[in-house]
Protein chains: 2
Amino acid sequence: MGEGESSASLYFLQAGWACRFATTRGGKRQIAAIMLPGDACNLDALAFDRIGNGVQMLTSGRILAIPLPEAREMRACNPQMALAFSWLAFLEISIMAQWTMRRGLPARDRLLHFMCEASHRLDHGADAELRGNRSLEVPMTQEWLADVLGLTNVHVNRTVVQLRSEGVLASNTRRIVVPDVDVLRRSVAFDPAYLHPKEARATSFRSVFS
Amino acid sequence: MGEGESSASLYFLQAGWACRFATTRGGKRQIAAIMLPGDACNLDALAFDRIGNGVQMLTSGRILAIPLPEAREMRACNPQMALAFSWLAFLEISIMAQWTMRRGLPARDRLLHFMCEASHRLDHGADAELRGNRSLEVPMTQEWLADVLGLTNVHVNRTVVQLRSEGVLASNTRRIVVPDVDVLRRSVAFDPAYLHPKEARATSFRSVFS
DNA sequence: CGTTCATTTGAATCTTCTCAAACCGCGTGG
DNA sequence: CCACGCGGTTTGAGAAGATTCAAATGAACG
């Protein structure tokens, strides 16, 4: 799905990692959000004709597509569904506020904060396989990670090398690995409240879309 | 309204400037959004019990408060209203994505981009008085602006001084002034598409809340 | 094996921050 | 009327963090 296009369906990610991105005037790719199992890829299609962001898979995965008219129908006729949609939208807002905040942190904290977010989101996400894991695999090259964090790939690399020497990270090509999530979480200040982990992710909802 | 509190009402800004902010662990204030006439201040109260951000006025103004139960009632019983709420939420998402992106720009562009956003939003906002003005008054100290842009007040100042010497800005104490918005818009790459200016801001909506 | 993509390293440079001090405008109380 | 304090702006100098450009190394895949 390219930037500025209009999409015919609403997409829900059921397995795998994906991201939403924009390309700046300077030709640089800016990743605006990452999607994990259970997340919607292009909720805004419900409201706007033209989508601001492109969407791309980071891994192989499974996607559920709901034709837009059908999705709008669901929203209009089923109040539970409408609530679930808007709950997802507000969660996105909450997460994006943190992404803005994160941009103010130094590179090391920025990277660790992102890893923490990912691990918490997987813990509460739709893919039961991924919940409560001791370790975390982030299926991104350092270059993609740089676009997520708003850093250069070079600087991300220096930071990764550093964190590896501290034992917080491991990495092979195309993957950043957190061997022990507990160690990660102790190494940076992270308050998962903004992910609203406790509040039911509209339970009826998960059973439908995940 | 403080951070982490729960709010009893939904607040709509009818006149004046306000902002949503969070305080970081380091005690620094991070402004997550600014609200202009016609904007909702705490839409997320519709979904979450505890609000992540504090809300504060930047100027005197006028606020419309709708008790939460009543707002939820409106959403549930009036499909038009529900659509309007969610349209506002998606607009917020779109704007916040740009705020993240903006953090990747150098200070000068960051500042100008923000000014452009403000001028466009005022042009399409609820306060008719403010529409189509040749000049723009941003009622913020450089220190607040720094918190918006994620810069230090010192660096904002240097940037302001520079832009003033170029004739793009003027400023007296407590106010940044753009004498000529056209000059501003020519001085930085800015695409207002993300503000979805064309799409009706749920017209029925504006008449109710503005 | 050669090609391509990703990671790593170095050196120079740039942007922004920090700390510190001076300055200015404005209102308050002496 | 003046002295003072306060919040906001301005300036300087040094340091930290991140970028750029360039090149070397490594891993995977046909």
Side-chain angles (χ1 to χ4, degrees), chain A residues 17 19 24-31 56-60 100-114 137-166 168-177 188, chain B residues 17 19 24-31 56-59 100-114 137-166 169-177 188:
Chain A
W17 291 49
C19 70
T24 68
R25 246 160 261 277
K28 301 190 179 171
R29 175 182 53 195
Q30 171 55 51
I31 295 179
Q56 182 170 347
M57 294 296 300
L58 288 169
T59 68
S60 63
T100 300
M101 180 284 285
R102 189 161 60 211
R103 283 284 189 112
L105 302 175
R108 178 201 152 91
D109 295 349
R110 231 187 273 190
L111 195 155
L112 293 175
H113 184 280
F114 172 70
E137 295 224 346
V138 178
M140 278 191 248
T141 66
Q142 296 179 6
E143 207 157 352
W144 282 89
L145 186 54
D147 292 338
V148 167
L149 301 178
L151 297 166
T152 57
N153 58 346
V154 173
H155 198 60
V156 165
N157 176 258
R158 295 193 219 273
T159 309
V160 165
V161 166
Q162 166 65 20
L163 286 168
R164 202 164 42 207
S165 82
E166 296 176 25
V168 182
L169 293 187
S171 78
N172 39 32
T173 354
R174 285 160 189 283
R175 260 170 187 65
I176 315 277
V177 179
V188 66
Chain B
W17 291 49
C19 71
T24 66
R25 244 161 264 276
K28 302 190 178 170
R29 175 182 54 195
Q30 170 56 49
I31 294 179
Q56 182 171 347
M57 294 297 300
L58 289 169
T59 67
T100 300
M101 180 285 285
R102 189 161 60 212
R103 283 285 189 110
L105 302 175
R108 177 201 152 90
D109 295 348
R110 230 187 274 191
L111 195 156
L112 293 175
H113 186 280
F114 172 71
E137 294 224 348
V138 178
M140 277 192 248
T141 66
Q142 296 179 6
E143 209 157 352
W144 283 88
L145 186 54
D147 292 337
V148 167
L149 301 177
L151 296 166
T152 56
N153 59 344
V154 174
H155 199 63
V156 164
N157 177 258
R158 294 193 218 274
T159 310
V160 166
V161 167
Q162 166 66 21
L163 287 168
R164 202 165 41 206
S165 81
E166 296 176 26
L169 292 187
S171 79
N172 37 32
T173 352
R174 286 159 190 283
R175 260 171 187 64
I176 314 275
V177 178
V188 66

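Residue numbering restarts at 1 for every chain, and letters A, B, ... go by the order of the sequence lines.
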*Nearest nucleotide by nearest heavy atom, which residue falls closer to the 5' end of DNA chain D, Thr152(A) or Ile176(B)?*
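Whichever sits nearer the 5' end wins; that is Ile176(B).
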_Upstream residue (5' side of DNA chain D) when Thr173(A) and Val156(A) are each assigned their closest nucleotide_ =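 Its nucleotide being nearer the 5' end, the pick is Val156(A).
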Identify all side-chain donor-acceptor contacts of residues 151-164 of chain B below 3.5 Å with residues at least two apart in sequence or on another chain.
residue: Thr152(B); atom: OG1; partner: His155(B); partner atom: N; Å: 3.2
residue: Asn157(B); atom: ND2; partner: Gln142(B); partner atom: OE1; Å: 2.9
residue: Thr159(B); atom: OG1; partner: His155(B); partner atom: O; Å: 2.8
residue: Gln162(B); atom: NE2; partner: Glu166(B); partner atom: OE2; Å: 2.6
residue: Arg164(B); atom: NH1; partner: Ser171(B); partner atom: OG; Å: 2.8

Sequence neighbours left out, what passes side chain to side chain donor-acceptor pair (under 3.5 Å) with [X]? Give chain and number order.
X	value
Thr100(A)	Thr100(B)
Gln30(B)	Arg103(B)
Gln56(B)	none

Over all strands shown, is [X] touching base, sugar-phosphate only, or nothing at heavy-atom distances under 4.0 angstrom?
X	answer
Arg108(A)	nothing
Arg158(A)	base
Arg175(A)	nothing
Val160(A)	nothing
Gly150(B)	sugar-phosphate

Nearest 0.5 Å please: distance from the [atom1] atom of [X] over to the [atom2] atom of [Y].
X	Y	atom1	atom2	answer
Leu145(B)	Leu111(B)	CG	CG	5.0 Å
Glu137(B)	Thr59(B)	CD	OG1	11.5 Å
Thr141(A)	Leu58(A)	OG1	CG	9.0 Å

*Over all atoms of both residues, closest heavy-atom pair of Arg110(A) and Leu105(A)*: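 Taking Arg110(A) first and Leu105(A) second, the nearest heavy atoms are NE-O, 3.0 Å.
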Residues in salt bridge (charged side-chain N to carboxylate O under 4.0 Å, His left out) contact with [X], at least two apart in sequence or another chain:
X	value
Arg29(B)	Asp147(B)
Arg174(A)	none
Arg102(B)	Glu117(B)

*Which nucleotide of DNA chain C is the first, and which the last, in the 5' to 3' direction, to come under 4.0 Å of a heavy atom belonging to chain B?*
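Range of nucleotides within reach of chain B: dT16(C) to dC19(C).
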*Outermost DNA chain D nucleotides near chain B [under 4.0 Å, heavy atoms]*: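 Footprint of chain B along DNA chain D, 5' to 3': dG7(D) to dA13(D).
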*Result of checking Asp109(A), Leu149(A), Ile176(A) against Phe114(A) for side chain to side chain contact (heavy atoms under 4.5 Å, CB included)*: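 In the set Asp109(A), Leu149(A), Ile176(A), the residue that makes a side chain to side chain contact (heavy atoms under 4.5 Å, CB included) with Phe114(A) is Leu149(A).
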*Heavy atom of residues 139-149 of chain A under 4.0 Å from DNA chain D: which residues?*
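Hits under 4.0 Å, by residue number: none.
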*asked:* When the axes are fitted on five pairs at both termini, how much does the helix from dC1(C)-dG30(D) to dG30(C)-dC1(D) curve, in 10° steps?
replied: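 Answer for the end axes of this duplex: 30°.
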*Who pairs with His113(B) by ring-ring contact (aromatic ring centres under 6.0 Å, His included), at least two apart in sequence or on another chain?*
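Once residues adjacent in sequence are excluded, the partners of His113(B) under the ring-ring contact (aromatic ring centres under 6.0 Å, His included) criterion are Phe190(B).
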